[in-house]
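Whatever order the structure lists them in is the order used to number ligands and atoms, beginning at 1. The analysis underlying the following values was restricted to heavy atoms, covering all of them including side chains, and did not include hydrogens, waters or symmetry mates.
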Amino acid sequence: MFDYLIVGAGFAGSVLAERLATRSNKKVLIVDKRSHIAGNAYDHYNEEGILVHKYGPHIFHTNSKDVFEYLSNFTDWRPYEHRVLASVDGQLVPMPINLDTINKLYGLSLNSFEVEQFLESLAEEIPVIKTSEDVVVSKVGRELYEKFFRNYTRKQWGLDPSELDKSVTSRVPTRTNRDSRYFTDTYQAMPLHGYTRMFEKMLDHPNIKVMLNTDYHDIIDFIPFKEMIFTGPVDEYFDFKYGKLPYRSLEFKHETLNQENYLEAPVVNYPNDNLYTRITEFKALTGQKHPKTAIVYEYPKAEGDPYYPVPQPENAELYNQYKKLADNTPNVHFVGRLATYRYYNMDQVVAQALTLYKKLTEKSEEAVKAAAKPAITGSASIIDKLVPRDPAKGKP
Ligand code: FAD
Ligand code: UDP
């Protein structure tokens, strides 16, 4: 009998397996339908011996000391600050838009103050920021929106930014200084030996059994367990009872090139040209030295593995219906990017999983206390049934 059946060996499932096994001495079975652990963060050495991320570039960044310290139990880190160039008007310019982006694009030599005024002069006044178009147009105006955001977003999501929640393009800031980092989080680093190695350490415990190439539907009737943690798509769990929740998918085209370097930056975005959104060169992320180089192209698709929940009001409403079902499903806990339909980064999923772990331990401590309480107080309880109060009455 397992205490927990965990569906999905990505961040959500693996963090919970690790905590429950090592901290609460629970017996855990973790299953994944894929042939590997680590979910979408899975990395591996390709046929040429270059470390690549199978499901696209994964760059770790967080402001949470707790999350960073927690993961540091399972890996050393390579400091890494991510940088992206965008191919716009035949030039490669820094993305997020910053002082150098504007100067290069328009052949200017503005300082920080001047570029702030320049962007203010372009920005449109939008009283209530609702959509992903509003976010950008209200900061940098329509022309820069068209050059950097409109077509990239249409390609990535199959939707116009005006149809997407503001949270999507809000992920990318606008700067008037020369900071060319993609993220400004306190902790920015890559696991020194890769994500998969980190997951192997997390799951290496006698209380944890890992079963790969296994859809949970195929084992659920045969393996006894007390509670389930589910990290797959929530609509699938409920047999699409209210209809399908949209997830955006991608096709990854991996290539190894017979040259030491390829791109001018770790990632180059192509907002306006090509069918792919971006190219990543892995050695730039991992720091690996190798005479060849490995890159990946990302082609967005409607069908395929679910990668991105689609932030739109109607989808949020549909998800809320599933959430009500999920909240009323006893002994099944839904966590992670797919199961809670949230466009979460890795650190947010780790934080969500740690929070659920805390809730589960509090719940089981309460259960222990509740079971112990009658014995302590001596009030009406199981004890009463076992030991008759009036010894006389209890005699056969
Ligand atoms: P997943 O990693 O999706 O794990 C869920 C697992 O459940 C999967 O392995 C799946 O096979 C399994 N599963 C589903 N259904 C079943 C079933 N029926 N039976 C058995 N197993 C099942 N985050 C960052 O912080 N930085 C980045 O740079 C970054 N880049 C990204 C790039 C791309 C292209 C994508 C798609 C995501 C990126 N992310 C990034 C987000 C990151 O991948 C997620 O936050 C994180 O991996 C989510 O973990 P999870 O455990 O919730 O889900
Ligand atoms: N985006 C864009 N142009 C860019 C980069 C991002 O329009 O050059 C928009 C796009 O809608 C994208 C969103 O901003 O989906 C969030 O970008 P991020 O880099 O965070 O996407 P992710 O890495 O999660 O795919």
Compare all side-chain heavy atoms of Leu5 with those of Ile229 and state whether any distance is below 4.5 angstrom. no
Counting from 1, what ligand 1 atoms have a heavy atom of Arg34 closer than 4.0 Å? 8 (C), 9 (O), 11 (O)
Looking at atom 8 (O) of ligand 2, what's its closest protein heavy atom, distance included? Asn269 ND2, 2.9 Å
Joint cluster assignment, Leu192 & Phe11, ILVMFWY side-chain distance < 4.5 Å: no
Counting only N and O atoms by type, is there a donor-acceptor contact under 3.5 Å from the side chain of Thr196 to the main-chain atoms of Asp43? yes
Minimum side-chain heavy-atom gap Tyr187-Val67 below 4.5 Å: no
Which atoms from ligand 1 have a heavy atom of Val7 less than 4.0 Å away? 16 (C), 17 (C), 19 (N), 20 (C), 21 (N), 22 (C)
Could you say whether the N/O atoms of Met95 and ligand 2 ever approach to under 3.5 Å? no
Result of checking Phe252, Tyr247, Tyr299 against Tyr307 for ring pair (Phe, Tyr, Trp, His ring centres under 6.0 Å): Phe252
Among all protein heavy atoms in this structure, tell me which lies nearest to atom 21 (O) of ligand 2, with the distance rounded to 0.1 Å. Tyr343 OH, 3.2 Å
Protein heavy atoms: any of them under 4.0 Å from atom 53 (O) of ligand 1? no
Give the atoms of ligand 2, by number and element, whose distance to some non-hydrogen atom of Phe148 is under 4.0 Å. 2 (C), 3 (N), 4 (C), 7 (O), 8 (O)
Side-chain contact, heavy-atom cut-off 4.5 Å: Tyr42 with Ile37? no
Is ligand 1 under 4.0 Å from a heavy atom in the side chain of Val349, in the backbone, in both, or in neither? side chain
For the 3.5 Å polar cut-off, considering only N or O atoms, please tell me whether Tyr152 and ligand 2 meet it. no
So does Gln312 get a backbone contact from the side chain of Asp165, meaning a donor-acceptor N/O pair under 3.5 Å? no
Under a 4.0 angstrom heavy-atom cut-off, which atoms of ligand 2 come close to Thr153? 7 (O), 9 (C), 10 (C), 11 (O)
List ligand 2 atoms under 4.0 Å from Tyr308, heavy atoms only on the residue side. 22 (P), 24 (O), 25 (O)
Report, in ascending order of atom number, the atoms of ligand 1 lying under 4.0 Å from any heavy atom of Ala12. 51 (O), 52 (O)
Any N or O on Thr169 sitting closer than 3.5 Å to an N or O of ligand 2? no
Report the nearest protein non-hydrogen atom to atom 43 (O) of ligand 1: residue, atom name, distance rounded to 0.1 Å. His58 NE2, 2.7 Å
Which word best sums up how the rings of Phe238 and Tyr322 line up, parallel for under 30°, tilted for 30 to 60°, or perpendicular for over 60°? parallel
Let me know which of Ile97, Thr101, Asn103 forms a side-chain contact (heavy atoms from CB on, under 4.5 Å) with Leu99. Asn103
For Thr214 and ligand 1, answer yes if some heavy atom of the residue is under 4.0 Å from a ligand atom, otherwise no. yes
Does the N or O separation between Arg337 and ligand 1 drop below 3.5 Å for any pair? yes
Starting from atom 19 (N) of ligand 1, what is the nearest protein heavy atom, named by residue and atom, and what distance separates them? Tyr216 N, 3.2 Å
With heavy atoms of Gly8 as the reference, note each atom of ligand 1 found under 4.0 Å away. 6 (C), 7 (O), 12 (C)
Suppose we measure from atom 15 (O) of ligand 2 to each protein heavy atom; which comes out shortest, and what is that distance? Trp157 NE1, 2.9 Å
For atom 20 (O) of ligand 2, what's the nearest protein heavy atom and its distance? Arg171 NE, 2.8 Å
Taking atom 5 (C) of ligand 1 as the point of reference, which of Ile220, Asn213, Ile6, Thr231 owns the nearest heavy atom? Thr231
Check this for me - ligand 1, Asp215, N or O atoms closer than 3.5 angstrom, yes or no? yes
Using every non-hydrogen atom in the two residues, find where Arg175 and Ser180 come nearest and quote the distance to one decimal. NH1-C, 4.2 Å
Classify the ring geometry between His61 and Phe183 as parallel (under 30°), tilted (30 to 60°) or perpendicular (over 60°). parallel
Checking the N or O distance criterion of under 3.5 Å, is ligand 1 in contact with Phe11? yes
Examine distances only and state if a side-chain atom of Gln352 and a backbone atom of Gly336 form a donor-acceptor pair shorter than 3.5 Å. yes
Residue-level breakdown please: for Tyr308 versus ligand 1, do any non-hydrogen atoms fall below 4.0 Å on the side chain, on the backbone, on both, or on neither? side chain
One finds that the ligand 2 atoms under 4.0 Å from a non-hydrogen atom of Val172 are 6 (C), 14 (O), 17 (O)
Ion pair Lys363/Glu227, N-O distance below 4.0 Å: yes
For Arg278 and ligand 2, answer yes if some heavy atom of the residue is under 4.0 Å from a ligand atom, otherwise no. yes
Please write down residue, atom name and distance for the protein heavy atom closest to atom 23 (N) of ligand 1. Met346 N, 3.3 Å
Could you tell me which atoms of ligand 1, counted from 1 in the order shown, lie closer than 4.0 angstrom to a heavy atom of Tyr55? 33 (C), 34 (C)
Can you pull out the closest protein heavy atom to atom 45 (O) of ligand 1? Residue, atom name and distance to 0.1 Å, please. Tyr344 O, 2.8 Å
Phe149 versus ligand 2: do any nitrogen or oxygen atoms come within less than 3.5 Å of each other? yes
Is there any N or O on Ile59 that sits under 3.5 Å from an N or O of ligand 1? yes
Do me a favour and list the nearest non-hydrogen protein atom to atom 21 (N) of ligand 1 with residue, atom name and distance? Lys33 N, 3.1 Å
Side chain, backbone, both or neither: which part of Leu250 has a heavy atom under 4.0 Å from ligand 1? side chain
For Asp273, does its backbone N or O pair with a side-chain atom of Lys155 as donor and acceptor, under 3.5 Å? yes
Using modelled atom types and a 3.5 Å cut-off, is there a donor and acceptor pairing between side-chain atoms of Asp32 and backbone atoms of Gly8? no
For Tyr297 and Tyr276, take the angle between the two ring planes, folded into 0 to 90°, and tell me which bin it lands in: parallel under 30, tilted 30 to 60, perpendicular over 60. perpendicular
Which of the atoms in ligand 2, numbered in the order shown and given with their element, are less than 4.0 Å from a heavy-atom of Tyr182? 5 (C), 17 (O), 18 (P), 19 (O)
The atoms of ligand 2 lying under 4.0 Å from a heavy atom of Gln156, numbered in the order shown, are 15 (O)
To check your reading of the model: name the closest protein heavy atom to atom 30 (N) of ligand 1, its residue, and the distance in Å. Pro57 O, 3.0 Å
How far is atom 16 (C) of ligand 2 from the closest protein heavy atom, and which atom is that? Val168 O, 3.5 Å
Asp160 side chain to Arg154 backbone, donor-acceptor under 3.5 Å: no
Please answer whether the main-chain N or O of Val135 pairs with a side-chain N or O of Ser138 as donor and acceptor at a distance below 3.5 Å. yes
Tell me: protein heavy atom nearest atom 9 (O) of ligand 1, and distance? Asp32 OD2, 2.7 Å
Would you call the rings of Tyr4 and His333 parallel, tilted or perpendicular, taking 30° and 60° as the class edges? tilted
Please determine if Glu124 and Arg142 form a salt bridge, counting it only when a charged side-chain N lies under 4.0 Å from a carboxylate O. yes
Lys283 side chain to His290 main-chain N or O, any donor-acceptor pair under 3.5 Å? yes
Atom 3 (O) of ligand 1: closest protein heavy atom, distance to 0.1 Å, is Asn40 ND2, 3.4 Å
